[in-house]
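For reference, the structure is listed below as structure tokens.
Every heavy atom of this structure was used, including side-chain atoms; hydrogens, water molecules and symmetry mates were not.
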Amino acid sequence: MSNSAIVPFETTHLVRDTCLCLHAQRAARALSRRFDEALRPAGITSGQFSLLNALNRPKPPPIGPVAQLLAMDRTTLTAALKPLERDGLVTIARDPDDRRSRLLGLTDKGREILAAAVPIWRDLHAAIEAGLPELEPDTLRGALRSLSHAG
């Protein structure tokens, strides 16, 4: 390999200090850890909370819109659903109108766990927002929403 392929150490600092992707990943991991810990008494992770919440609808949704909402591909969503289905929290059923499609629903047990988790989420969420005095949470949400739709 030639010397021209060497990245200067200053670039490492530039990326460390300015990379939006790196900072978003670090923040997401830190938030996930906090919510995972808080939701442990409900028996779910932060990712499972988001998934159960996404299924909390009047009619069972198909996989596609849920995957889109959670910014997941269908394969990843299907894998994330397996333990929830095994534990009796969600159902995966054929769509009677389109046998190729699957509809996702919460079971009574899934609704109970979601109901137990929402106050935990609400309290921690409020504490995190209160800990951002120099940043307006709605501005942060808007910026993150913009980033998630970019591309």
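- When all heavy atoms are compared, the tightest approach of A80 to M72 is CB-CE, 4.2 Å.
- Under a hydrophobic clustering in which Ile, Leu, Val, Met, Phe, Trp and Tyr are joined whenever their side-chain heavy atoms come within less than 4.5 Å, directly or via other members, L140 and W121 fall into different clusters.
- Atom OG1 in T11 sits 12.0 Å away from atom CD1 in I6 (nearest 0.5 Å).
- L124 and L132 end up in different hydrophobic clusters when Ile, Leu, Val, Met, Phe, Trp and Tyr side chains are linked at under 4.5 Å.
- Closest of all the heavy-atom pairs between A115 and P119 is O-CD, 3.1 Å.
- No side-chain heavy atom of L52 sits less than 4.5 Å from a side-chain heavy atom of N56.
- Residues L114 and L103 do not share a hydrophobic cluster, clusters being chains of Ile/Leu/Val/Met/Phe/Trp/Tyr side chains in contact below 4.5 Å.
- By the salt bridge (Lys or Arg N to Asp or Glu O under 4.0 Å) test, E129 pairs with R141, sequence neighbours left out.
- In this structure, L77 and L51 have side chains that are in contact, with non-hydrogen atoms separated by less than 4.5 Å.
- Salt bridge status for E85 with K82: absent, with no side-chain N to carboxylate O gap under 4.0 Å.
- Looking at every heavy atom in both residues, Q48 comes nearest to G43 through OE1-O, 4.3 Å.
- Residue pairs meeting the salt bridge (Lys or Arg N to Asp or Glu O under 4.0 Å) criterion with at least one partner in residues 96-108, sequence neighbours excluded, are D98-R100, D108-R111.
- Using a 4.5 Å cut-off on side-chain heavy atoms (C-beta onward), E112 and L106 make no contact.
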Side chain to side chain contact (heavy atoms under 4.5 Å, CB included) for L81 and L55? Distances and angles first, verdict last. CA-CA 11 Å; L81 286 165; L55 300 182; 4.3 Å; yes

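- Judged by distance alone, the side chain of K109 and the main-chain N or O of V90 form no donor-acceptor pair under 3.5 Å.
- Using a 30° and 60° split on the angle between ring planes, H125 and F35 fall in the tilted class, from 30° to 60°.
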Dump the intermediate steps for side chain to side chain contact (heavy atoms under 4.5 Å, CB included) on S101 and I63, then the final yes or no. CA-CA 8 Å; S101 182; I63 288 178; over 6 Å; no

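- One hydrophobic cluster holds both L89 and L39 under the rule that ILVMFWY side chains link at heavy-atom gaps under 4.5 Å.
- L135 and L144 fall within the same hydrophobic cluster, where Ile, Leu, Val, Met, Phe, Trp and Tyr residues are linked whenever their side-chain heavy atoms come under 4.5 Å apart, directly or through other members.
- Contact between D36 and G47 at its shortest, heavy atoms only, is OD1-N, 4.5 Å.
- Proximity of I120 to F49: side-chain heavy atoms (C-beta onward) are nowhere separated by under 4.5 Å.
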Quiz: residues 17-26 side-chain donor-acceptor pairs under 3.5 angstrom, not counting sequence neighbours:
{"unit_1": "T18", "atom_1": "OG1", "unit_2": "L14", "atom_2": "O", "d": "2.6"}
{"unit_1": "H23", "atom_1": "NE2", "unit_2": "R16", "atom_2": "O", "d": "3.0"}

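- Under a 3.5 Å cut-off, the side chain of E37 and the backbone N or O of R34 do not form any donor-acceptor pair.
- Counted by atom type alone, D73 and T76 present one or more donor-acceptor pairs between their side chains at under 3.5 Å.
- Heavy atoms only, all atoms of each residue included: L70 and S50 are closest at CD2-O, 4.0 Å.
- Closest of all the heavy-atom pairs between A54 and R57 is O-NE, 2.7 Å.
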